[in-house]
Number of protein chains: 2
Amino acid sequence: MSSAISAVERFSRYQSDDAQSEGSAHCPVRDVLDRIGDKWSILMIMTLATRPQRFSELHRAVRGISKRMLTQTLRDLERDGLITRHVFPTKPPSVEYGLSALGQSLLEPMAALIDWADHRYSDIHDARARFDSAPCDAARHETDVHRSAMNIATSRKAATRRARQ
Amino acid sequence: MSSAISAVERFSRYQSDDAQSEGSAHCPVRDVLDRIGDKWSILMIMTLATRPQRFSELHRAVRGISKRMLTQTLRDLERDGLITRHVFPTKPPSVEYGLSALGQSLLEPMAALIDWADHRYSDIHDARARFDSAPCDAARHETDVHRSAMNIATSRKAATRRARQ
DNA sequence: ACTTTATGGTCTACAATTTAGACTATGTCT
DNA sequence: AGACATAGTCTAAATTGTAGACCATAAAGT
């Protein structure tokens, strides 16, 4: 736990540095997080972790991704040195993607996250159900200011769409 | 390292289960990852890790987020039981957000990721520079099929915009 | 011989998400 | 009175992402 605290402190130091300089001096942590926190990157890395795969294989494996995003995600990960790209001069040329050493090294911390997701999933699931079936804004609105429908609605839209597929 | 391997295996099992059932039976891991992997959630949790904060404080702390996204992210995290929301009936009512126990528990695995980002940042940075100044598609194109500008361009657009702020 | 299939992408049109910023209501400070 | 702060919400505009047609080539199926 002490390590968690120190990481938080380190992060918060970066954050405030960032806030002061206003410029492009940015938190390496945020920089990296922005990259791997973009919906497809983690999925991609985890998928490539089992074995190197080709473009079309990946397209089939990571369901829901468009070719465009697949291309872009792969390109970005390659740029950051997390994955490698190998072109085989077969007749319809085939391209194999795989994790680089750097990419491999990301697996360890990623595993911690996966474990957490796996262990705590039921808690999250329960919390979600509780929230959704709540007597609603009872607690939310002591002060009844202008109430309205709000089309944010806990982005259940997105959740639904995700489930629909 | 063995733990990393087992996590990868667990993930890949979920993935293939998912591929078969076609339906909405989804990988808890992906479900959770989709939530915390959405650009603002991790930032939010890390920011709240230092201390509970109010809406406007968060808006100032997490630079670049719009109020709309702030509201939505907070709502989603609350729904998932990761953060708590407390309304104080002061006259312009103030609302304080903080990490729940579940949210706290996420700090540990998150710290592993932060550490990784911190240690490997220079590697990534170097890889990026190398890639950007590369003799380009030398290795990329043995087979010179239809070449074109491609407006994906490693999404340097986004990178630039991010830096510009 | 002709059609289908597969390869790795790219491109376009459209759909979804996200941002910027105006606006709300009420109370304190100047 | 006017400015500022509180927590959001709403709208319009910009950005991002998806679906799917398309490219050239070759092998396999019929």
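Chain naming here is simple, since letters A, B, ... match the order of the sequence lines and numbering starts at 1 in each.
The side-chain hydrogen bond (donor to acceptor under 3.5 Å, both in side chains) search around Asp118(B) returns Arg10(A), Tyr14(A), not counting sequence neighbours. In this view, Glu57(A) and Arg51(A) satisfy the side-chain hydrogen bond (donor to acceptor under 3.5 Å, both in side chains) rule, not counting sequence neighbours.
A close approach under 4.0 Å does occur between a side-chain nitrogen or oxygen of Ser56(B) and OP1 or OP2 of dT6(D). Neither OP1 nor OP2 of dT16(D) sits under 4.0 Å from any side-chain N or O of Trp40(A). Residue Arg75(A) has a polar side-chain atom (N or O) positioned under 4.0 Å from OP1 or OP2 of dT10(C).
When each of dG8(D), dT6(D), dT10(C) is scored by its nearest atom to the side-chain atoms of Arg54(B), the top-ranked nucleotide is dT6(D). In this structure, of dG8(D), dT6(D), dG9(C), it is dG9(C) that holds the atom nearest to the side chain of Tyr97(A). Checking dG9(C), dT18(D), dT18(C) against the side-chain heavy atoms of Arg68(B) singles out dT18(C) as nearest. Proximity note for Met69(A) (side chain, C-beta onward) versus dG17(D), dT19(C), dA21(D): the nearest is dG17(D). Among the nucleotides dT9(D), dA26(D), dT18(C), the one closest to any side-chain atom of Gln72(B) is dT18(C). Distances were taken from every side-chain heavy atom of Lys67(B) (C-beta onward) to each of dG9(C), dT19(C), dG8(D); the shortest belongs to dG8(D). Taking the side chain of Pro92(B) as heavy atoms from C-beta on, and the options dA5(D), dT19(C), dT9(D), the nearest nucleotide is dA5(D).
We find that CG of Leu74(B) is positioned 11 Å from P of dT9(D), with the value rounded to whole Å. Atom-to-atom, NZ of Lys91(A) to P of dA26(D) comes out at 6 Å; the value is rounded to the nearest Å. Atom CD of Glu57(A) and atom C1' of dG8(C) are 13 Å apart (whole Å). Distance, His59(B) NE2 to dG21(C) P: 11 Å, rounded to whole Å. Phe88(B) has its CZ atom 11 Å from the P atom of dA7(D), to the nearest Å. Here dT17(C) presents its P atom at 12 Å from CG of Asp76(B), a figure rounded to the nearest Å. Distance His86(B) NE2 to dA7(D) C1': 16 Å, rounded to the nearest Å. Straight-line distance from the CD atom of Gln53(A) to the P atom of dT7(C): 12 Å, rounded to whole Å.
Between Ile65(A) and Glu96(B), it is Glu96(B) whose nearest contact on DNA chain D lies nearer the 5' terminus.
When all heavy atoms are compared, the tightest approach of Ala112(A) to Ala112(B) is CB-CB, 4.4 Å.
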Audit row: Thr73(A), Val62(A), side-chain contact (heavy atoms from CB on, under 4.5 Å) steps and yes/no: CA-CA 12 Å; Thr73(A) 304; Val62(A) 183; over 6 Å; no
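Within a 6.0 Å sphere centred on NE2 of His125(A), other residues, nucleotides and ligands contribute 12 heavy atoms or fewer.
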